[in-house]
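Since the structure comes first, as structure tokens, the remarks are kept for the end.
Keep in mind that the numbers below use all heavy atoms, side chains included, and drop hydrogens, waters and symmetry copies. Remember, predicted model here, so these are calculated numbers, not experimental data.
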Amino acid sequence: MPPADPDTARQDAALWRPDGVRRTLGAPAGAAGTVPSGINTAATVVGYTWSGIPAREYQQAVRWSPDGTPTVLPLAGGEQYAAALFVNDAGLVAGVQLLHGGAMYASHLAVVWRP
């Protein structure tokens with residue numbers, strides 16, 4: 001059987017423990033899929049949800065607690081298109097926000113979320 005088509009298969013963030021056991025991280029309601037992008041020494045994971053086909057763009061920035069519980073990271077002004085990319089050991093999260101305007105492509109702004 002051929003591998004799943006990455007454009008239509010659901011993708012979910014997961015965490016592997018040192019003993020090789022895999023744990024799927026929870027997804028916020030309505031997420032088409034989740035993508036992890038950073039982890040700190042406390043096993044706090046950050047990443048984003050994506051909106052699915054055809055957009056497949058950042059949807060919501062997410063932080064997963066060490067037990068796998070997701071928290072959507074808020075943006076000012078009700079915006080939602082963002083990705084959390086890095087988390088340090090103090091819990092500071094860095095990422096990007098997409099601003100959709102009249103242009104064909106979105107603009108990217110740096111974002112920092114404080115614990």
Side-chain angles (χ1 to χ4, degrees):
M1 183 168 173
D5 180 346
D7 287 334
T8 58
R10 181 171 175 92
Q11 299 172 358
D12 290 305
L15 185 64
W16 278 263
R17 294 188 336 209
D19 62 6
V21 174
R22 177 183 180 267
R23 181 181 69 220
T24 300
L25 301 174
T34 54
V35 178
S37 58
I39 187 170
N40 66 14
T41 59
T44 298
V45 177
V46 296
Y48 57 93
T49 66
W50 56 275
S51 60
I53 306 306
R56 198 157 192 190
E57 62 189 352
Y58 303 150
Q59 185 73 26
Q60 299 171 308
V62 179
R63 175 180 49 232
W64 288 273
S65 63
D67 70 0
T69 302
T71 299
V72 174
L73 299 172
L75 292 170
E79 295 288 336
Q80 70 178 22
Y81 296 100
L85 302 174
F86 308 99
V87 59
N88 69 13
D89 288 342
L92 191 70
V93 177
V96 295
Q97 175 182 356
L98 277 73
L99 296 178
H100 293 90
M104 185 173 171
Y105 297 101
S107 299
H108 293 75
L109 297 175
V111 180
V112 174
W113 291 273
R114 299 183 190 284

Taking only distance into account, with no hydrogens and no angle test, what donor-acceptor pairs under 3.5 Å do side-chain atoms of residues 69-77 form with protein atoms, sequence neighbours excluded?
from: Thr69; atom 1: OG1; to: Asp67; atom 2: OD1; distance (Å): 2.8
from: Thr69; atom 1: OG1; to: Asp67; atom 2: OD2; distance (Å): 3.4

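A distance-only check finds a donor-acceptor pair linking the side chain of Trp64 to the backbone of Gly26 [under 3.5 Å].
Counting heavy atoms from C-beta on, the side chains of Gln59 and Tyr81 come closer than 4.5 Å. You'll find the side chain of Pro36 stays beyond 4.5 Å of the side chain of Val46, heavy atoms only. A heavy-atom distance below 4.5 Å is not found between the side chains of Arg22 and Leu15. Using a 4.5 Å cut-off on side-chain heavy atoms (C-beta onward), Val87 and Arg63 make no contact.
Neither Leu85 nor Ile39 shares a network with the other; the hydrophobic side chains, linked directly or stepwise wherever heavy atoms of I, L, V, M, F, W or Y lie under 4.5 Å apart, form separate groups for each.
The nearest pair of heavy atoms linking Arg23 to Pro66 is NH2-O, 2.6 Å. When every heavy atom of Ala31 is checked against every heavy atom of Thr49, the shortest pair comes out as CB-CG2, 3.7 Å. Across every non-hydrogen atom of Ala83 and Ala61, the tightest pair is C-CB, 4.0 Å. Contact between Tyr48 and Ala82 at its shortest, heavy atoms only, is CB-O, 3.8 Å. The minimum heavy-atom distance between Ser37 and Ala84, with the atom names listed, is OG-O, 2.6 Å.
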When you look at Val45 and Leu25, which way does the side-chain contact (heavy atoms from CB on, under 4.5 Å) test go after all the steps?
CA-CA 9 Å; Val45 177; Leu25 301 174; 3.9 Å; yes
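Under the rule for a salt bridge (charged side-chain N to carboxylate O under 4.0 Å, His left out), Asp89 has no partner lying at least two apart in sequence or in another chain.
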